[in-house]
Amino acid sequence: MEKHLLLGEETIRSRVKELAEQISSDYADKEPIMIGVLNGVVFFFADLLKDLTIPAKIDFVRAASYGSGMTSSGTVTFTKDVEIPITGEDVILVEDIVDTGLTLKHIARRLEEKGPRSLKICALIDKQERRKEKVTIDYCGFRIEEGFLVGYGLDHDEEYRCLRDIYQLK
Ligand code: 5GP
């Protein structure tokens, strides 16, 4: 399989900075809880949070919808829950890629049950091609039509995760 450069490090960094500026302005007098969806989100999450100019708390959830291949299994299992209380809090769920939308919908539903004051969604990449669940992405980094992406936290069978740029695998 070959990898083709899609989004370079500088392009990613400047867009992440813009997202952080927008979130900082929207939550100017607040202290949101940022919840990252492990594992793919780690690089994006760290960069985004470093660029915020407001205080924020962090926590993580983990859900598995993909096996080891490049297509979604369709079933979502929740393997790690949040550890800090989110009831009555402003929560921003941060995801690497939204593909079918099944994972995000599942996690958002779980978090809603805990009664946050607000719940917004931030995703680095919105991949429309195979969307099955309608999801509203409040803060979106890039819209990509299709393809399987790796790098900047995104893996294929645990490979490519630590690359600085984002590539399309073909
Ligand atoms: P969904 O449930 O929206 O179909 O898939 C969400 C999860 O699948 C993402 O959090 C990500 O872990 C994985 N995923 C979806 N598309 C891609 C992709 O193009 N590349 C990689 N590496 N993972 C993806």
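Read the numbers this way: they start at 1 and go in the same order the structure lists the ligands and their atoms. Every heavy atom of this structure was used, including side-chain atoms; hydrogens, water molecules and symmetry mates were not. Quick caveat, the model's predicted, so the values are computed rather than measured.
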Please tabulate, one pair per line, all N/O donor-acceptor pairs under 3.5 Å involving side-chain atoms of residues 85-95, not counting sequence neighbours.
| residue | atom | partner | partner atom | Å |
| --- | --- | --- | --- | --- |
| T87 | OG1 | K114 | O | 2.8 |
| D90 | OD1 | R117 | NE | 3.4 |
| D90 | OD1 | S118 | OG | 2.6 |
| D90 | OD2 | R117 | NH2 | 2.8 |

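- Within the 4.0 Å heavy-atom cutoff, K127 counts among the residues contacting ligand 1.
- Heavy-atom separations between G40 and ligand 1 are all 4.0 Å or longer.
- The shortest N or O to N or O distance between V150 and ligand 1 is not under 3.5 Å.
- Around the NZ atom of K80, the shell of radius 6.0 Å holds more than 12 heavy atoms that belong to other residues, nucleotides or ligands.
- Nearest heavy-atom pair across F44 and C122 is CZ-SG, 3.8 Å.
- Close approach of ligand 1 to T100 is summarised as follows: ligand atoms under 4.0 Å from at least one heavy atom of the residue are 1 (P), 2 (O), 3 (O), 4 (O).
- No more than 12 heavy atoms of other residues, nucleotides or ligands sit less than 6.0 Å from atom CD of E2.
- Those atoms of ligand 1 with a heavy atom of D155 less than 4.0 angstrom away are 21 (C), 22 (N).
- Distances from ligand 1 to the non-hydrogen atoms of I97 include at least one value under 4.0 Å.
- For the side-chain contact (heavy atoms from CB on, under 4.5 Å) test, residues two or more places apart in sequence or in another chain that qualify with I54 are S24, Y27, P32, L52.
- Applying the 4.0 Å criterion to heavy atoms of E95 picks out, from ligand 1, the atoms 10 (O).
- Ion pairing between a basic and an acidic side chain is recognised when a charged N comes within 4.0 Å of a carboxylate O; R15 and E18 show such pairing.
- Numbered from 1 in the order shown, with element, the atoms of ligand 1 that lie under 4.0 Å from a heavy atom of G147 read 19 (O).
- The two residues R131 and K127 make their nearest non-hydrogen contact at NH2-O, 2.9 Å.
- Taking distance alone, with nitrogen or oxygen atoms compared against 3.5 Å, L149 approaches ligand 1 more closely than that limit.
- Counting heavy atoms under 4.0 Å from ligand 1, residue L104 does not touch it at all.
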